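Below you'll find the structure, written out as structure tokens, and then a few comments.
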Amino acid sequence: MPPYDCMLLFKPHVKKEALMDLVARVGKHVYRRNGVVTSVKSLGDVQLGYGIKKLDGRFYQGRLMQVSMMATPDINKELHYLNKEDRLLRWLLVKQRDVNFGLDFFGDDGRTELRNFYRKPEDEDEDEDDDDEEYEVNEEETVN
């Protein structure tokens with residue numbers, strides 16, 4: 001399953017509960033289609049470069065959310081119910097290309113490259129200090 005990012009631009013006056021409700025609905029929709037939501041990020045309030053006209057006015061600000069997921073390729077067609085959502089100004093689904101996970105990240109010879117990350121602990125015998133005696137403090141000296 002390829003990874004996708006769904007960017008949701010909400011109207012600025014939408015409450016946090018309503019915002020999370022819609023994000024949860026998207027997550028449940030992906031889950032029902034055998035997908036996995038990997039992360040949800042709030043990118044905060046954004047100032048728009050132009051006003052977006054909706055039935056209840058023109059908006060120059062919005063709240064941006066990113067929902068990262070791994071889903072089947074037909075998820076784009078299945079998320080078109082978001083077009084009728086009155087809390088959203090815009091939504092966009094972006095497919096991440098050339099993303100490698102696991103051993104694919106290291107290439108064909110990934111198993112041998114993983115061995116380079118493991119290092120045996122070196123002997124610490126060289127680092128022993130016999131100078132501890134000069135740093136000992138008697139309790140009688142510290143009491144005033």
Side-chain angles (χ1 to χ4, degrees), residues 1-139 142:
M1 277 191 267
Y4 292 94
D5 285 328
C6 184
M7 305 300 291
L8 303 168
L9 182 62
F10 290 90
K11 294 178 181 178
H13 64 272
V14 174
K15 302 257 192 245
K16 189 174 183 178
E17 295 82 20
L19 186 137
M20 291 310 295
D21 177 52
L22 184 62
V23 171
R25 274 184 43 206
V26 170
K28 288 177 185 175
H29 191 86
V30 170
Y31 180 72
R32 275 188 253 124
R33 303 297 191 270
N34 296 328
V36 177
V37 174
T38 56
S39 71
V40 177
K41 295 179 189 173
S42 174
L43 302 175
D45 294 336
V46 292
Q47 191 73 29
L48 303 176
Y50 58 91
I52 296 176
K53 187 177 179 185
K54 291 290 182 177
L55 294 175
D56 53 344
R58 187 174 291 272
F59 296 92
Y60 293 92
Q61 292 180 347
R63 291 187 180 178
L64 193 58
M65 295 282 294
Q66 175 183 354
V67 180
S68 299
M69 64 185 84
M70 295 183 82
T72 56
D74 56 339
I75 192 70
N76 188 28
K77 296 174 187 169
E78 295 171 2
L79 287 180
H80 275 284
Y81 71 90
L82 293 173
N83 290 337
K84 297 178 183 174
E85 187 62 48
D86 61 337
R87 294 175 279 190
L88 283 177
L89 293 173
R90 296 278 191 268
W91 70 277
L92 175 71
L93 188 70
V94 180
K95 182 178 180 181
Q96 298 175 7
R97 302 231 185 243
D98 300 328
V99 177
N100 296 321
F101 296 101
L103 291 177
D104 294 336
F105 177 75
F106 293 107
D108 294 334
D109 202 23
R111 289 180 179 81
T112 57
E113 288 186 30
L114 284 177
R115 291 185 190 137
N116 295 337
F117 289 110
Y118 176 73
R119 235 186 256 191
K120 293 181 181 177
E122 297 177 13
D123 294 334
E124 296 181 10
D125 295 338
E126 303 169 4
D127 201 26
E128 288 186 23
D129 288 334
D130 294 331
D131 302 345
D132 295 339
E133 297 167 358
E134 67 183 274
Y135 295 111
E136 289 182 10
V137 177
N138 295 334
E139 291 180 19
T142 59

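Residue indices begin at 1 and follow the sequence shown. Computed from a prediction, not measured in an experiment: that's the story for all the values here.
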Q: With sequence neighbours excluded, tell me which residues meet side chain to side chain donor-acceptor pair (under 3.5 Å) with Glu17.
A: none

**Q.** side chain to side chain donor-acceptor pair (under 3.5 Å) involving Asp74 - partner list, sequence neighbours excluded
**A.**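 Applying side chain to side chain donor-acceptor pair (under 3.5 Å) to Asp74 gives Thr72.
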
**Q.** Listed once per pair and sorted, the ring-ring contact (aromatic ring centres under 6.0 Å, His included) pairs that draw on residues 60-79, sequence neighbours left out
**A.** none

Using the test salt bridge (charged side-chain N to carboxylate O under 4.0 Å, His left out), find all partners of [X] that sit at least two apart in sequence or belong to another chain.
X	answer
Asp56	Lys11
Arg90	none
Glu85	Arg25, Arg87
Asp45	Arg63

Q | Inter-residue atom distance Leu88.CG - Leu9.CG, 0.5 Å rounding | A | 8.0 Å

Q) Quick one: side-chain contact (heavy atoms from CB on, under 4.5 Å) partners of Val94, sequence neighbours excluded? A)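 Applying side-chain contact (heavy atoms from CB on, under 4.5 Å) to Val94 gives Leu92.
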
Measuring only between side-chain heavy atoms, which start at C-beta, is [X] closer than 4.5 Å to [Y]?
X	Y	answer
Leu89	Leu48	yes
Lys54	Asp86	no
Phe10	Leu22	yes

**Q.** ring-ring contact (aromatic ring centres under 6.0 Å, His included) against Tyr50, all qualifying residues, sequence neighbours excluded
**A.** none

Q) Counting distance only, does the side-chain N/O of Ser68 pair as donor-acceptor with the main-chain N or O of Thr38 below 3.5 Å? A)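 Not a single qualifying donor-acceptor pair exists.
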
Q. Pairs in or reaching into residues 30-42: which pass salt bridge (Lys or Arg N to Asp or Glu O under 4.0 Å), with residues at least two apart or in two chains?
A.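 Counting only pairs at least two positions apart or across chains, the salt bridge (Lys or Arg N to Asp or Glu O under 4.0 Å) contacts touching residues 30-42 are Arg33-Glu78.
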
Q: Could you check whether the rings of His80 and Trp91 sit parallel, tilted or perpendicular, using 30° and 60° as the cut-offs?
A: perpendicular

State, to 0.1 Å, how close [X] and [Y] come at their nearest heavy-atom pair, and which atoms those are.
X	Y	value
Gln61	Pro12	O-CD, 3.3 Å
Pro2	Lys95	CB-CE, 3.6 Å
Met1	Asn34	CE-O, 3.1 Å

Q: In sequence, state the C-alpha distance, the side-chain angles, and the governing distance for Leu82 and Leu8, and then conclude on side chain to side chain contact (heavy atoms under 4.5 Å, CB included).
A: CA-CA 9 Å; Leu82 293 173; Leu8 303 168; 4.1 Å; yes

(Q) If the test is side-chain contact (heavy atoms from CB on, under 4.5 Å), which one of Val23, Asp5, Val40 qualifies with Gln66? (A)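 Option passing the side-chain contact (heavy atoms from CB on, under 4.5 Å) with Gln66: Asp5.
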
